[in-house]
There are 2 protein chains.
Amino acid sequence: MTVTLADVAARAQVSPATVSRVLNGNYPVAASTRERVLRAVDELDYVLNGPASALAAATSDLVGILVNDIADPFFGIMAGAIQSEIGGPGGRAGGERLAVVCNTGGSPERELTYLTLLQRQRAAAVILTGGAIENEAHVSAVAAKLRKLADAGTRVVLCGRPPAPADTDAVALTFDNRGGGRRLTEHLIGLGHRRLGYIAGPEERTTTRHRLEGHRAALAAHGIEDDPRRTVHGRYDRRSGYEATLELLRREPDLTAIVAANDTVALGACAALRDSGLRIPGDVSVAGFDDLPFSIDAVPALTTVRLPLAEAGARAGRIAMSREEPPPGGIATVGGELMVRGSTGAPRP
Amino acid sequence: MTVTLADVAARAQVSPATVSRVLNGNYPVAASTRERVLRAVDELDYVLNGPASALAAATSDLVGILVNDIADPFFGIMAGAIQSEIGGPGGRAGGERLAVVCNTGGSPERELTYLTLLQRQRAAAVILTGGAIENEAHVSAVAAKLRKLADAGTRVVLCGRPPAPADTDAVALTFDNRGGGRRLTEHLIGLGHRRLGYIAGPEERTTTRHRLEGHRAALAAHGIEDDPRRTVHGRYDRRSGYEATLELLRREPDLTAIVAANDTVALGACAALRDSGLRIPGDVSVAGFDDLPFSIDAVPALTTVRLPLAEAGARAGRIAMSREEPPPGGIATVGGELMVRGSTGAPRP
DNA sequence: CTGTTAGCGCGTTCAG
DNA sequence: CTGAACGCGCTAACAG
């Protein structure tokens, strides 16, 4: 029923081994022989059996990409960039590797499950994107998994995530969330703001903590008291930004600025402010983080910290495919750039 | 080095076949035996070899998802919804299927290449999202591929895409782009607009054509001349919307409304209008399509046609997994809902 | 309910 | 440069 290597070999009057060599291009084969083989492949409409070759070769053409939520452009942009770099020559027959995108939804269990599933597939590489969960048990469980993957020959790269324990052999491209958060808040302080609300992401996540630490560092550096009532935790979504803003305004109606965990949350904050009859930035300044594509279309355009998501993803992809040297020590910090736009201004007198 | 089924079998004092049965849960196994096997699996930290079982079973746990661009939430939302429905019980050991996301970038060649790659992987199912390319040669090439996939037992589902030839056995969930486009333009006409600009998507794509046809049908139904100078083609991105808007204004400065191919393009149009000193909707009304999450945060909020992307994706995923009956005839039309918001209003007198 | 027996289709030695 | 032979790790009949 289905065409196999042997069928191609028979038709091309060569041995199966030769066909395999032609297809994988890893061994010298006479030009004329190659011709005949390729013709036979074409005539029979032969398609290599991936599982069979993965079994024999003990490695597959799959690259796992773990994301929190692929519907969120923050992850979509990284995933797309990774994918654009894992194809091309260098792989097995055809050279195209396939991206297995795994939505963890931020759940530790799913993260581990997917890592196991990728291990089962003998993935050529695994790239974990976005912040990590800061639960001790989970961190060590992940580290153990990463170690096993590395032992099995799977390349592990962290993209936008803090480094894993050194013995995991995982390369890390880490976003400078702390520095970005600090510069952002310093920008607001520089404008004259002294009463700043902060909408943080979910607890127990590195991204949340680092951004918040940067914010607090800026406050501390300028002698501004860090009133805990000015910080609210929520999810990384619009609704959370909306509700948190109402809550912040309830607690302290004379806030002059709101710093959001990310752009999506900032958009929700803007909506809440508008619905409360407050003007941006006339009454309250708003700042986001990430600089997702829509941020520039907010009205006023959102002041935020641009993270080079596509560049980082592309680099992670290349490193995963050994097409680029890992950074020295296996760790690189990727900086963010402060984008000052219309949503922040001087506080009302 | 690596633990195999046989190792587990030996430790549990059963045959390899029994271990396989426990892991796949497809055959009755005595509870006590299962216990012993699972314990052995645990103690040895055994992970099934995916390629090996795919080879033996002649089918894998992989589900292919073809998208134009995973960084675009239009596709990200569908991909995420699909993924949420392909896991769960019913599959092989563990029951979790993996989503292979393939970015075609709208290129016909890449589309075919990815279909071949998925065929090679013996994917359990393939879901093609978004509009199709309307090139005769390509359409038949894709149909041929889909037929082969179906023959090999791969379930094929089209999500947000017009039906393929009936003999491909592909189930299609098609968006009613024509109807949505028509209602949108009728809404504008109803407000009193007579000079409407249209920013279409790339040529040779079903989505572009259908939305445009709906627009024209509305014009025709109301006796409004369809001046070709009022239509500009571009890509489905913000920049394209920006430039097309400037071009439309150059051609006909007294347009009172602009209909965009999708929300992203509409955002670009809004930016161009603002930069041109025109107010929305006071001077020019703007409408989009899709109702992506950010559309409600545009200022003014975007009038658009909501497509139930998540619902359609989820349904496509269930159909692909045979967890839901395909629609009668294998074809279902998914309607859009007109969302009237602040970006459209009566034209200036 | 469980063990035995054959492959699944390919990559990779090792000879030639 | 090419062929022969073996085994990758698992599932699927078939018996029992």
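We name chains A, B, ... by the order of the sequence lines, and we start the count at 1 in each one. What you are looking at is a predicted structure, and each value in this text was computed from that prediction instead of being measured.
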Can you name the residues that form a salt bridge (Lys or Arg N to Asp or Glu O under 4.0 Å) with [X], not counting sequence neighbours?
X: A/Arg11; result: A/Glu43
X: B/Arg122; result: none
X: B/Arg21; result: none
X: B/Asp42; result: none

Using whole Å, report how far [atom1] of [X] lies from [atom2] of [N].
X: A/Asn49; N: C/dG7; atom1: CG; atom2: P; value: 18 Å
X: A/Leu48; N: C/dG9; atom1: CG; atom2: P; value: 12 Å
X: A/Glu35; N: D/dT2; atom1: CD; atom2: P; value: 13 Å
X: A/Leu5; N: D/dG3; atom1: CG; atom2: P; value: 13 Å

Legend entry - Donor-acceptor pair, side chain of A/Thr104 and main chain of A/Val67, under 3.5 angstrom: yes
Legend entry - Any B/Asn24 side-chain N or O less than 4.0 Å from OP1/OP2 of D/dT11: yes
Inset, instruction - For A/Leu55, answer base if it contacts any base atom (sugar-phosphate contacts may also be present), sugar-phosphate if it contacts only those atoms, and nothing otherwise; contact means non-hydrogen atoms under 4.0 Å. - result: base
Below 3.5 Å is the cut-off: list the nitrogen or oxygen pairs between protein and nucleotides 2-5 of chain C, distance only.
from, atom 1, to, atom 2, distance (Å)
C/dT2, OP1, B/Thr33, OG1, 2.3
C/dT2, OP2, B/Ala30, N, 2.7
C/dG3, OP2, B/Ser15, N, 3.0
C/dG3, OP2, B/Ser15, OG, 3.3
C/dG3, OP2, B/Thr18, OG1, 2.8
C/dG3, N7, B/Arg21, NH2, 2.7
C/dG3, O6, B/Arg21, NH1, 3.3
C/dG3, O6, B/Arg21, NH2, 3.4

Legend entry - Closest nucleotide among D/dG9, D/dT11, D/dG7 to the A/Ala56 side chain: D/dG7
Legend entry - With B/Thr18 via side-chain hydrogen bond (donor to acceptor under 3.5 Å, both in side chains) - residues at least two apart: B/Ser15
